[in-house]
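See structure below.
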Amino acid sequence: MKFFAYAAPQNFYPLAGRLGPVLALLASALAAAGLWVGFMVAPTDAQQGQAYRIIYLHVPVSWMAMVIYLAMAFWSVLGLVFQTRLSGLMTRALAPTGALLAFLSLWTGALWGKPMWGTYWVWDARLTSMLILLFLYLGYIALSSAIEDPRRGDRAGALLAVVGVVNVPVIYFSVKWWNTLHQGASVSLTQSPRMASVMLTGMLLMSLALWLYAAAIALWRVRSLILVRDSHATWVQQLPEVLAYRAVRGVA
Amino acid sequence: MIWQSATEFWAMGGYGVYVWGSLGVSAVLLALEVWLVRAGKQQALDAVCEAMDAESTEQSDADKISAPRVPAPAGAHSARTVAGASA
C-alpha cells in the first residue's frame, strides 16, 4: 500500500521536502490575510473593545496546541501498533511546536485575562488543563530525549503521548463540565457561531494558517531527525544535499 | 479599514499593551522556532558528516591491519613469476 510506503523514513524524507515549502507559503499567505481581516477590517467588539482582538491569536494557538497533541497521539498509536519507524520521528517533530503553542495559549490568555477578568491567571478548569497540556509536551520531550536508545525513547514517549491524550477532551469540554471564569466555546460544531461573520473569517483564516505552519515546521524538523537517525545509512550518505554540504565543509 | 489614524491603531483602545504583547511575543517565538529548526538542519548535516568520517576512519584502520598480510605476498609472488618468466 502506497500510504504505508511513506512510513519508511527513506521514502518520507523527499515527500516532506516537497510538501514543506508549499505549506509554509500557503501559511504565510493565509496569516497575512487573517491579520488583515482581524486587525484592519473586523469591527470593535461591543463588550470588550479592542482587547477582543487577542482572539485572532488565542483561539488558533489553543486549538492547534490541542490538535498537535492529537496528532502526536495518532502517530504514537501507529508506532506502537505497527512499529513504523517514522511514527516516533513525527511525534518528536511535533512536540516542540505543540509546547510552543500551548505556552502561547497561556501567554495570550493571560494578556487577555488581565484587562477582562482583572487577573493574569486563575486556577480554573480550562486554564489548569491547558497548563497540564504544556507539561505533557515538556514531559514527552524530556522523556523521549532522555532515553539513549532512540527506538526505546520513541516507545516510551509514545506511551506517554497516548496516556496523556485524555487531557485533550478535558480541555475542550472544561467550559461545559465546570463552572469556569473562561467564556464558552467561540465556535461550536453543534450551533451557529455567536460572533460576527467577519470576526469568524479572521479567526478561521488565522487557524488555517497556523495549521499549515505547524505541518510545515514539523515536516522541516522531521527531515533533520531522519538525517540524524539514519546517519549511518547509505541512502542518507548519498543524498545530494549531504554530499554538497560535505564538499563545502571539507574545504572550510 | 476601521482605523482613523495610526495612533488609534497602535493604542488599540487603551489595550495596546495586551494586544501587541500577545502578537509580538507570538511572532518572536514563531520566528525563533523557524531559526532553531534551520539551525537543526545544519546540526543534522554535521552529524551525518561525522558518521561518514567515523566510518571512513574505521575503514582505513581495517585496511592498515590487513594491508601487510594480503597484498605483500601476492606482490612478491607476482614479482617472482615475472622474474621466472623473463628468465
Side-chain angles (χ1 to χ4, degrees), chain A residues 24 31 35-36 39-45 48-58 60-61 93 96-97 100-101 103-104 107-116 210 213 216-218 220-221 223-233 236-237 239 241-246 249-250, chain B residues 1-67 69-71:
Chain A
L35 286 172
W36 177 261
F39 284 83
M40 293 295 182
V41 179
T44 309
D45 185 76
Q48 303 197 3
Q50 306 298 358
Y52 97 92
R53 290 184 199 279
I54 295 174
I55 203 172
Y56 298 113
L57 298 158
H58 181 71
V61 296
T97 304
L100 173 62
L101 296 183
F103 170 78
L104 284 178
W107 174 264
T108 56
L111 287 181
W112 199 359
K114 184 65 183 171
M116 291 301 125
L210 200 64
Y213 167 83
I217 200 89
W220 196 3
R221 195 182 275 119
R223 273 165 63 88
S224 298
L225 294 176
I226 289 173
L227 285 184
V228 175
R229 182 73 61 92
D230 276 4
S231 59
H232 292 278
V236 164
Q237 299 187 354
L239 280 173
E241 60 194 281
V242 168
L243 296 173
Y245 183 79
R246 198 167 155 77
R249 207 174 94 125
Chain B
M1 179 107 78
I2 53 159
W3 309 100
Q4 304 299 324
S5 69
T7 326
E8 198 193 26
F9 173 70
W10 293 113
M12 279 287 154
Y15 297 115
V17 177
Y18 304 108
V19 174
W20 301 122
S22 296
L23 187 66
V25 169
S26 303
V28 166
L29 289 184
L30 290 180
L32 184 71
E33 184 182 31
V34 169
W35 184 80
L36 282 174
V37 169
R38 187 184 290 264
K41 180 67 184 275
Q42 203 81 5
Q43 287 166 4
L45 287 169
D46 283 334
V48 175
C49 287
E50 272 161 38
M52 289 169 83
D53 290 343
E55 277 164 32
S56 66
T57 313
E58 277 168 32
Q59 193 57 48
S60 63
D61 285 350
D63 288 347
K64 269 179 226 153
I65 294 163
S66 59
R69 274 189 216 157
V70 188

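Chain identifiers are assigned alphabetically (A, B, ...) following the order of the sequence lines, protein sequences preceding nucleic acid strands; residue numbering begins at 1 within each chain.
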Between [Y] and [X], is there a side-chain heavy-atom distance shorter than 4.5 Å?
X: F39(A); Y: V19(B); value: yes
X: V48(B); Y: R246(A); value: no
X: L45(B); Y: R249(A); value: no

Against chain B, label [X] side chain, backbone, both or neither, depending on which of its atoms sit under 4.5 Å from a heavy atom there.
X: I226(A); result: neither
X: A31(A); result: neither
X: R53(A); result: side chain
X: Y213(A); result: side chain
X: V41(A); result: backbone
X: R229(A); result: neither
X: Y52(A); result: neither

So which of L32(B), L29(B), L36(B) actually passes side chain to side chain contact (heavy atoms under 4.5 Å, CB included) with L100(A)?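 Testing each of L32(B), L29(B), L36(B) against L100(A), the sole residue satisfying side chain to side chain contact (heavy atoms under 4.5 Å, CB included) is L29(B).
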
For S224(A), run the side chain to side chain contact (heavy atoms under 4.5 Å, CB included) check against Q43(B), K41(B), Q42(B) and tell me which one passes.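 Of the listed options, the one satisfying the test is K41(B).
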
Roughly how far apart are F103(A) CZ and S26(B) OG, rounded to 0.5 Å?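 So the gap between those two atoms works out to 9.0 Å.
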
Let me confirm one number: the CD-CD distance from Q237(A) to E55(B), rounded to the nearest 0.5 Å.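 Here the rounded value is 4.5 Å.
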
Determine, step by step, whether L35(A) and L23(B) satisfy the side chain to side chain contact (heavy atoms under 4.5 Å, CB included) criterion, reporting the C-alpha distance in whole Å, the side-chain angles of both residues, the deciding distance to 0.1 Å, and the verdict. CA-CA 10 Å; L35(A) 286 172; L23(B) 187 66; 3.9 Å; yes

Chain B interface, residue from A51(A), G109(A), P43(A), A216(A) that has the most non-hydrogen pairs under 4.5 Å: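 Highest number of heavy-atom pairs under 4.5 Å: A51(A).
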
Aromatic contact, Y15(B) with W112(A) (centres under 6.0 Å):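 Ring centres of W112(A) and Y15(B) not closer than 6.0 Å.
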
Identify which of A47(B), A51(B), A54(B) forms the greatest number of heavy-atom pairs closer than 4.5 Å to chain A.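 Of the candidates given, the most pairs with chain A belong to A51(B).
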
Option in R38(B), M12(B), M52(B) with maximal non-hydrogen atom pairs under 4.5 Å from chain A: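 Answer, by heavy-atom pair count under 4.5 Å with chain A: M52(B).
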
Quick one, Q50(A) with Y18(B), criterion side chain to side chain donor-acceptor pair (under 3.5 Å). Give me CA distance, side-chain angles, the key distance, then yes/no. CA-CA 10 Å; Q50(A) 306 298 358; Y18(B) 304 108; over 6 Å; no

Please check if any side-chain donor atom of E33(B) sits under 3.5 Å from a side-chain acceptor atom of T97(A), or the reverse.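 Note: E33(B) and T97(A) side chains meet the donor-acceptor criterion.
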
Using modelled atom types and a 3.5 Å cut-off, is there a donor and acceptor pairing between side-chain atoms of W107(A) and backbone atoms of G21(B)?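 Yes; at least one donor-acceptor contact below 3.5 Å.
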
